[in-house]
2 protein chains.
Amino acid sequence: MKRLYHHPMSGNSRYIRLILAEYGVDAELEEERQWQRREAFMKMNPAGTLPVLLDEADHPICGAFIIGEFLDEIQGPLMRERRLMPEASLERAEIRRIVDWFLHKFDQEVAGYLVHERVFRQQMPMDLGGGSPDSAAMRAGRANLKMHMRYVGWLANTRNWLGGNRLSQADLAAAAAISVLDYLGEIDWEAEPAARDWYARIKSRPSFRTLLSDKAAGLPPAAHYTDLDF
Amino acid sequence: MKRLYHHPMSGNSRYIRLILAEYGVDAELEEERQWQRREAFMKMNPAGTLPVLLDEADHPICGAFIIGEFLDEIQGPLMRERRLMPEASLERAEIRRIVDWFLHKFDQEVAGYLVHERVFRQQMPMDLGGGSPDSAAMRAGRANLKMHMRYVGWLANTRNWLGGNRLSQADLAAAAAISVLDYLGEIDWEAEPAARDWYARIKSRPSFRTLLSDKAAGLPPAAHYTDLDF
């Protein structure tokens with residue numbers, strides 16, 4: 001069986017869990033605290049980042065974007081109508097642009113502040129950067145989150161799904177990233193009704209269930225987190 | 001004809017120029033100063049990043065990684081033995097891991113300090129962040145560069161090309177990123193002889209010629225920059 005090294009509060013890890021679930025690919029989940037820079041983990045992925053997928057022969061495939069491409073290549077063509085990437089190169093480029101937006105830009109500008117301060121630094125030992133949350137960093141993350149949610153709202157308003165007419169990797173990347181912030185009660189859903197409608201559709205998919213049962217140590221989810229009719 | 005929005009001192013832009021040249025695809029070059037956040041440019045790429053490729057029908061393809069995938073899809077299969085991506089999914093994942101390393105990790109940890117301070121901030125107006133270089137940022141970039149060059153040396157020592165047996169997008173991503181630092185005289189080639197041998201092979205390719213004639217305003221290249229026998 002495949003094995004996925006992940007963290008439950010890492011949006012990039014959740015993205016791969018969603019693809020695996022949508023494609024019905026089984027993988028054992030292994031929680032990794034990347035800040036520990038565990039030797040065996042660094043050997044698999046010298047960049048030290050999550051997620052990492054091990055295939056059946058223990059070959060590591062490193063990084064969310066790259067695992068997403070790998071799964072599309074080995075599984076996508078078998079999925080026919082339920083493939084999460086279109087066939088045409090220009091459409092693929094647009095899906096990848098949005099995937100990249102959430103795996104890199106959102107991860108850096110929002111999660112890198114808010115999730116880092118509120119979740120990861122609470123789990124880190126002091127000598128690896130743990131400690132109480134920095135309020136300036138959280139303010140920056142919240143300001144950025146507003147801009148990103150406005151962009152999601154704009155996409156949701158102008159398209160059926162975020163990347164075009166059909167559900168795609170773009171929706172899973174965005175929903176994975178946003179779901180962590182939603183867990184933390186950071187999303188102002190009133191402000192972006194189109195984004196809310198889109199997220200409600202994604203959230204009710206069976207693939208989303210395992211994400212909704214995730215727990216961060218010592219930090220209960222926002223009241224509406226598991227509510228499909230939030 | 002295609003059009004590429006780029007900056008001559010952006011490693012990610014140079015990566016795409018190398019692929020275009022290797023594949024013999026013509027594109028008009030348009031220099032863009034991304035910190036200006038020009039309205040027409042932001043419309044093409046809301047992330048505001050370089051490079052952006054416009055196809056013949058003016059469809060924007062945004063970001064180096066994504067343009068690289070696009071060019072592989074539309075041109076790669078026609079190139080047969082000179083294709084810059086392998087066929088097998090696991091090998092493709094390894095090429096992409098290294099491409100991602102240079103387009104994101106190196107860009108952030110090295111270019112984001114050194115090229116930003118020594119080139120971009122010199123071209124920016126003061127109100128957009130321009131000014132004299134910050135020496136702490138440059139020190140951080142130089143320390144990171146040493147680590148990255150050690151990794152390049154290790155890859156060059158254990159493989160024929162950085163991603164495996166054949167020249168691939170991995171080599172072009174690494175060489176593009178490193179070439180900007182080499183322009184600035186920041187590479188200690190004595191310290192990494194295997195990396196030097198690898199870079200000499202890449203540098204003598206015809207695709208590299210246009211990079212070697214690039215100039216940054218007011219900043220002449222290091223003495224050996226255009227020397228193929230450096």
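Chain letters run A, B, ... following the sequence lines, proteins first and then strands; every chain starts at 1.
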Participant: State the CG-OG distance between A/L71 and B/S89, to the nearest 0.5 angstrom.
Facilitator: 9.5 Å
Participant: Flag yes if more than 12 heavy atoms outside B/Y113 fall under 6.0 Å of its OH atom; otherwise flag no.
Facilitator: no
Participant: From B/D55 CG over to A/L90 CG, what is the distance, rounded to the nearest 0.5 angstrom?
Facilitator: 5.0 Å
Participant: Hey, which of A/H104, A/R97, A/Q108 has the most heavy atom pairs under 4.5 Å with chain B?
Facilitator: A/H104
Participant: Just checking A/E39: does its CD atom have more than 12 heavy atoms from other residues, nucleotides or ligands closer to it than 6.0 angstrom?
Facilitator: no
Participant: Counting neighbours of CZ on B/R82 that are heavy atoms of other residues, nucleotides or ligands and sit closer than 6.0 Å, is the number greater than 12?
Facilitator: no
Participant: Between B/P60, B/A47, B/C62, B/A93, which residue shows the highest count of heavy-atom pairs closer than 4.5 Å to chain A?
Facilitator: B/A47
Participant: In terms of heavy-atom contacts, does CE of B/M1 have more than 12 from other residues, nucleotides or ligands at under 6.0 Å?
Facilitator: yes
Participant: Find the distance between CG (A/N45) and CH2 (B/W101) and round it off to the nearest 0.5 Å.
Facilitator: 7.5 Å
Participant: Does A/M42 CE have over 12 foreign heavy atoms under 6.0 Å away?
Facilitator: yes
Participant: State the CG-OG1 distance between A/D100 and B/T49, to the nearest 0.5 angstrom.
Facilitator: 7.5 Å
Participant: Would you name the heavy atoms of A/P46 and B/Y151 that are closest together and state the gap between them?
Facilitator: CG-OH, 3.7 Å
Participant: For A/E69, is there an ion pair with B/R92 - N to carboxylate O distance below 4.0 angstrom?
Facilitator: no
